[in-house]
Amino acid sequence: MKKLLALLMTVVLATTMFTACGSSKSGDDGDKTLIMGTNAEFPPYEYRENNEVIGIDAEIGKAIADKLGMDFKIEDMAFDSIIPAVTSGKADVGLAGMTASEDRKVSVDFSDTYVEAGQVIIVKKGSDIKDASGLAGKTVGVQLGTTGDLYVSDPKNVENVTVQQFPKGADAVEALKTDKIDAVVIDNQPAKKFVENNSDIEILATPLTQESYAIAVAKDNKQLLDAVNKALAELKESGELDSILNKYLANDESAETTTSAQ
Ligand code: GLN
């Protein structure tokens, strides 16, 4: 009888635990690690300093993990590996200045928006390229697999363009500086960082797109998605998100590109 009772209790306990966790994936109980997939080539969102990945997304990821009572780990990978890592469970969240695009929504769910951004054009000063139409017939550098890559590669947007895909935005900028390409199309804030220390290049005034950054979560992990959205809402509400953004976007356009989204 005692044995039977013990067995019963084990079954009940196991069932309760299984229900509570929802799945074996991390993200819903206290003693696990939140793994953030990112590509640390995207300042000020994620980049390396002293061999450590730092930046806006790294801090947001850590703050969310803290709120969920979880440990935190960053996995640095190629940008186009992040979504596969999230869908396969190698990473719990994709946090990489990632645009919540319709294409990506087929494979992953996205959290609420945390920043508004857009693609911009970087050229050498004195270039004859003045806007998107000026890209026609030119060679344009992009970061492989990004929304900038997709935009320039779509003939509906730019005609007769030669797209050169680089694994890192910084490499595209280097190619521009050495006249191997005519322009770079990349997200506005990394563009600022890349141009900051280069007096011979500049960003054209009109952005090409309007995009929203959000956190990617596996489609079967609604529980984690809800938890992430709740944490994000708290970070917005408390002003913590703004202070993270302001820390990295100091004295530029932070005020207009961020905050109060949804
Ligand atoms: N926002 C762009 C995208 O989602 C670029 C992101 C990145 O290079 N980290 O494609």
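Below, each value reflects all heavy atoms present in this structure, side chains not excepted, and no hydrogens, waters or symmetry copies. Whatever order the structure lists ligands and atoms in, that order sets their numbers, starting from 1.
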* Do ligand 1 and E46 have nitrogen or oxygen atoms that lie under 3.5 Å from each other? -> no
* Structure fact -> Any heavy atom of Q189 under 4.0 Å from ligand 1? The part involved is neither
* Donor-acceptor under 3.5 Å (S81 side chain, M77 main chain) -> no
* **Test salt bridge (Lys or Arg N to Asp or Glu O under 4.0 Å) applied to D154 - qualifying residues, sequence neighbours left out** => K156
* **Passing option when D57 is tested against Y45, Y114, Y47 for side-chain hydrogen bond (donor to acceptor under 3.5 Å, both in side chains)** => Y114
* Can you establish whether the number of heavy atoms outside K222 located under 6.0 Å from its atom NZ is more than 12? => no
* Measure the distances from the heavy atoms of R104 to every atom of ligand 1 and state whether one is below 4.0 angstrom. => yes
* To do: For atom 9 (N) of ligand 1, grab the closest protein heavy atom and report residue, atom and distance to one decimal in Å.
  => A96 O, 2.9 Å
* Structure fact -> Of all protein heavy atoms, the one nearest atom 8 (O) of ligand 1 is Q143 OE1, 2.8 Å
* Asked: Yes or no on salt bridge (charged side-chain N to carboxylate O under 4.0 Å, His left out) for E234 and K67, after CA distance, side-chain angles and deciding distance?
  -> CA-CA 9 Å; E234 287 170 13; K67 285 200 178 288; 3.3 Å; yes
* Enclosure of K130 NZ (heavy-atom neighbours >12, cutoff 6.0 Å) -> yes
* To do: Just need the protein heavy atom nearest to atom 6 (C) of ligand 1, so name the residue and atom and give the distance.
  => G97 O, 3.3 Å
* Asked: Are any of the N or O atoms of T146 closer than 3.5 Å to those of ligand 1?
  -> no
* **Which residue and heavy atom of the protein sit nearest atom 1 (N) of ligand 1, plus the separation** => D187 OD2, 2.6 Å
* **R104 (side chain) donor-acceptor with T99 (main chain) under 3.5 angstrom** => yes
* Asked: Which atoms of ligand 1 sit under 4.0 Å from any heavy atom of T99?
  -> 1 (N), 2 (C), 3 (C), 4 (O)
* ligand 1 versus Y213, non-hydrogen atoms closer than 4.0 Å: side chain, backbone, both, neither? -> side chain
